[in-house]
Structures are given as C-alpha cells and as structure tokens.
Amino acid sequence: MKDYVLVTGGTGYIGSHTVIELLNNGYDVVIVDNLCNSKALVVDRIEKIARKRPIFVELDVRDEKKLNEVFSNYNITSVIHFAGLKAVGESVEKPQLYYDNNIGSTEILLKVMRAHETKNIVFSSSATVYGNPKRVPIYEEDPVGEVTNPYAETKVKIEFMLKDLAKGDPTMNIAILRYFNPIGAHQSGLIGEDPNGIPNNIMPYITQVAIGKLPYLHVFGNDYKTKDGTGIRDYIHVVDLAKGHVATLKKLATNPGLVIYNLGTGVGTSVLELVNAFIAANGVDIPYKIEARRPGDIDTCYANCDKAYKEMGWKAIYNMVDCCKDSWNWQKHNPKGYGE
C-alpha cells in the first residue's frame with residue numbers, strides 16, 4: 001500500500017509550493033482544503049509544474065467524518081498542517097472565528113491521526129508566537145506566548161497542545177516550524193500569493209500596486225527604532241520555505257520526538273528596503289504613502305536559523321532580488337490571480 005503525506009490547506013500559498021517540492025522529492029500527496037482562501041485551479045497548476053497530480057479532497061478539517069474517510073482511503077504516514085485563518089486584523093475583529101477554525105481543526109486532526117496511528121506531523125506555526133521579542137535575532141528557545149492578537153494566540157495554544165502531546169506519547173514525531181515572512185512565488189509564474197480582497201501582506205500589495213490594481217502602498221509608520229524608521233522583518237522566499245518542509249519530513253523519519261525550528265533568512269529587511277529592492281529588480285515604480293502605525297506592530301523581528309542548518313542541513317538560498325523578481329513574474333502573468 002502506497003504511503004501518503006497529507007497536506008491540510010495544500011491549495012494555499014505556502015501549501016501549494018510545499019506540495020510541489022514534496023512531489024519533486026518523490027512523495028505521494030493528498031491535499032485537503034475547504035477552499036475558503038484558495039482555488040481548486042491550483043491543483044492543475046501544481047500538476048503542470050511537477051508533472052504529477054496530487055490527490056485533492058475538498059473538505060474542512062473540522063469535518064471529522066470526512067477526514068476519517070480520507071485516512072481510511074489512503075495510508076497517511078505523515079501530516080503537514082497548514083490549514084487555518086491567518087489575517088491578524090480579522091482575528092482582532094472575529095476572535096471566536098479564529099479559535100474555532102485554527103484550534104478546532106487541529107483538535108480534530110490530532111484525534112483522527114490518533115485513531116489511524118499516524119505518528120508524524122509538521123505544524124505551520126509563526127514568528128508571531130514570539131510577540132515583541134526580547135532580542136534579535138530570535139532563537140527557538142526564546143520565550144513565546146506574550147502575543148498581541150488572537151491569530152498569534154491560536155498558534156501559541158496549538159504549539160502547547162503539540163508539546164503536551166509529545167510528552168504524553170513518546171512515539172509521536174512532531175515538528176513546529178516558526179515561519180517569518182514568506183514572499184516570492186514559484187519561478188514558473190504559475191502559482192503565487194493570491195489573497196482575497198485587499199492584501200494583508202506586503203508583497204502582494206506591492207505587486208498589485210505595480211500592476212495598477214491598487215493606487216499606492218500604505219507604509220504603516222516611519223518612526224520605529226530602525227535604520228530608516230520603517231519596521232524590519234525577515235522576508236523569506238516561499239520556495240525556500242517549501243524546501244524546509246521536505247527537510248523537516250526527512251528529519252521526522254529519524255524519530256526525533258519534538259523539534260522546533262525557525263525558518264527564515266537570518267537577515268532583517270526594512271519595509272522601504274523591500275520597496276526599493278522591488279523597484280530596482282523590476283524597473284517598476286511603487287508609489288507609497290507613510291501612515292500611522294498599526295496597533296500591535298513591532299520594530300524589528302528576524303530569525304536566527306542556525307539550528308535548522310545544523311540539524312537538517314536546510315538554509316534559505318534565495319535573495320531579495322529573487323523574491324522581488326519572482327513575485328512580479330507571478331503577478332504580471334496572473335494580473336487577476338487565479339481569477340483569470
């Protein structure tokens with residue numbers, strides 16, 4: 001019987017890029033996604049790039065009956081859990097929605113995994129769990145939990161849930177991956193970030209300004225304690241991030257128990273540096289306006305990623321020019337995203 005990796009939220013931005021890297025590395029993949037923030041068309045694009053089609057099942061991970069059927073129909077040996085809502089602002093407005101969706105789906109997933117004796121899970125966490133960090137770069141052992149929004153709170157609670165599971169069941173292999181700020185797109189231009197409505201993340205906002213869909217970029221705050229006054233973040237190419245998941249699955253195959261890794265570049269880039277890098281890389285002007293800070297935003301946040309390299313041999317290889325060129329390549333070939 002064939003072994004499968006189950007990818008929840010696998011038609012989303014990071015999920016779809018990860019599925020391609022899994023297929024390219026010889027894994028067989030089952031995607032489950034409710035398509036609330038993605039399109040079924042993505043599966044066709046994945047097949048075009050990887051020359052192999054993942055199995056796709058449309059379902060909400062909270063639907064225990066249907067999820068059980070997936071585990072019964074396919075021999076799921078590992079899970080990569082991306083499914084979840086991720087807009088910080090929306091989480092402040094609708095906290096219960098985020099608790100129900102993000103935490104509720106994880107509880108059901110772990111219950112079904114237990115019933116089918118699936119022992120390996122990679123969880124898509126976030127650098128937001130560090131809150132306002134006490135130091136930068138941030139290390140994996142730095143404190144988590146003093147967070148500023150319900151979205152981050154859901155990630156913290158799921159991390160604690162997984163840590164407790166690891167203590168209670170030493171046969172489980174659990175990886176918590178704390179992402180920093182994914183940008184970029186697959187070099188083919190066939191898949192990329194396609195947010196619903198006005199983008200919450202900076203790169204799709206920049207590319208939608210570049211394509212003429214939005215008039216200008218909002219830069220929130222220029223009075224941070226940084227070199228140019230704008231916030232500094234760790235922007236990582238989404239393909240580097242996807243490759244990090246393949247490295248993590250290989251790590252779980254060695255039965256390490258619980259492992260936690262930062263996945264970033266280890267380099268801080270300010271908002272204005274990112275804007276100027278995009279202009280220089282693509283020769284496209286990006287008008288912007290400085291506006292008031294957003295509540296909860298912090299000065300500086302970037303990773304130390306030595307642990308991932310030391311224990312898994314993974315590190316980010318793409319630079320800011322690659323990120324900017326690939327983001328623009330995706331947008332100009334898909335001016336309406338997947339809505340073409």
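The nearest pair of heavy atoms linking Ile108 to Val61 is CG2-O, 3.3 Å. Looking at every heavy atom in both residues, Ser125 comes nearest to Ile176 through CB-CG2, 3.8 Å. Of all the heavy atoms in Tyr151 and Ser126, the pair that sits closest is OH-CB, 3.7 Å.
In this structure, Met312 and Thr248 have side chains that are in contact, with non-hydrogen atoms separated by less than 4.5 Å. Residues Met172 and Met113 are in side-chain contact: their nearest non-hydrogen atoms beyond the backbone lie under 4.5 Å apart. Under the 4.5 Å side-chain criterion, counting only non-hydrogen atoms from C-beta, Ser124 is not in contact with Arg178.
Contacts classified as salt bridge (Lys or Arg N to Asp or Glu O under 4.0 Å) and involving residues 17-37 (residues at least two apart or in different chains) are given here: Lys2-Asp28, Glu21-Lys243, Asp28-Lys52. Every pair tested for salt bridge (Lys or Arg N to Asp or Glu O under 4.0 Å) that includes a residue from residues 299-322 fails, sequence neighbours excluded, so the list is empty. Residue pairs that meet the salt bridge (Lys or Arg N to Asp or Glu O under 4.0 Å) test with at least one member in residues 73-89, sequence neighbours left out, do not exist here.
Ser270 and Asp228 are linked by a side-chain donor-acceptor pair at a separation below 3.5 angstrom, with hydrogens and angles left out of the test. With no hydrogens or angles considered, a side-chain donor-acceptor pair links Glu193 and Asn201 at under 3.5 Å. Between Thr118 and His116, the side chains place no donor N or O within less than 3.5 Å of an acceptor N or O (distance only, hydrogens not considered). A donor-acceptor contact closer than 3.5 angstrom is absent between the side chains of Asn334 and Asp194. Between His237 and Asp326, the side chains place a donor N or O and an acceptor N or O closer than 3.5 Å (distance only, hydrogens not considered). Gln96 and Asp100 form a side-chain donor-acceptor contact under 3.5 Å, judged by distance and modelled atom types alone. In summary, the side chains of Thr154 and Asn102 do present a donor paired with an acceptor at a separation below 3.5 Å, with no hydrogens or angles considered.
In this structure, Arg51 places its CZ atom where only 12 or fewer heavy-atom neighbours from other residues, nucleotides or ligands lie under 6.0 Å away. At most 12 heavy atoms of other shown residues, nucleotides or ligands fall within 6.0 angstrom of atom NZ in Lys48. Within a 6.0 Å sphere centred on NZ of Lys251, other residues, nucleotides and ligands contribute more than 12 heavy atoms.
Between His245 and Phe82, the angle of the ring planes lies from 30° to 60°, which puts this pair in the tilted group.
Cluster partners of Phe220, using a side-chain heavy-atom cutoff of under 4.5 Å among ILVMFWY residues and allowing indirect links: none. Chaining together hydrophobic side chains whose heavy atoms lie under 4.5 Å apart places Val284 alongside Ile183, Ile198, Ile202, Met203, Tyr205, Ile206, Val209, Ile211, Leu214, Leu217, Val219, Tyr235, Val271, Leu272, Leu274, Val275, Phe278, Ile279, Ile286, Tyr288, Ile290, Met320, Trp328. When hydrophobic residues (I, L, V, M, F, W, Y) are linked wherever their side-chain heavy atoms come within less than 4.5 Å, Tyr309 remains an isolated member. Summarising the hydrophobic clusters (Ile, Leu, Val, Met, Phe, Trp, Tyr; side-chain heavy atoms under 4.5 Å, direct or chained), the residues clustered with Val144 are Val129, Tyr130, Val136, Ile138, Val147, Val156, Phe160, Phe180, Ile232, Tyr302.
Taking the side chain to side chain donor-acceptor pair (under 3.5 Å) definition, one finds that Thr171 meets it with Lys119, Asp169, sequence neighbours left out. By the side chain to side chain contact (heavy atoms under 4.5 Å, CB included) test, Glu107 pairs with Ile103, Met161, sequence neighbours left out. Every residue two or more places apart in sequence or in another chain was checked for a side chain to side chain donor-acceptor pair (under 3.5 Å) with Ser16, and none qualifies. Scanning for side chain to side chain donor-acceptor pair (under 3.5 Å) contacts around Asp234 gives Thr265, with sequence neighbours left out. Under the side chain to side chain donor-acceptor pair (under 3.5 Å) criterion, Glu69 pairs with Lys65, sequence neighbours left out.
With a 6.0 Å cutoff to the six-membered ring centre and a 45° limit on the axis angle, Lys39 does not count as a cation-pi contact of Tyr338.
Between the Tyr98 side chain and the Ala87 main chain, a donor and an acceptor come within less than 3.5 Å of each other. A donor-acceptor pair is defined here as one N or O able to donate and one able to accept, closer than 3.5 Å; such a pair exists between the side chain of Asn262 and the backbone of Asn304.
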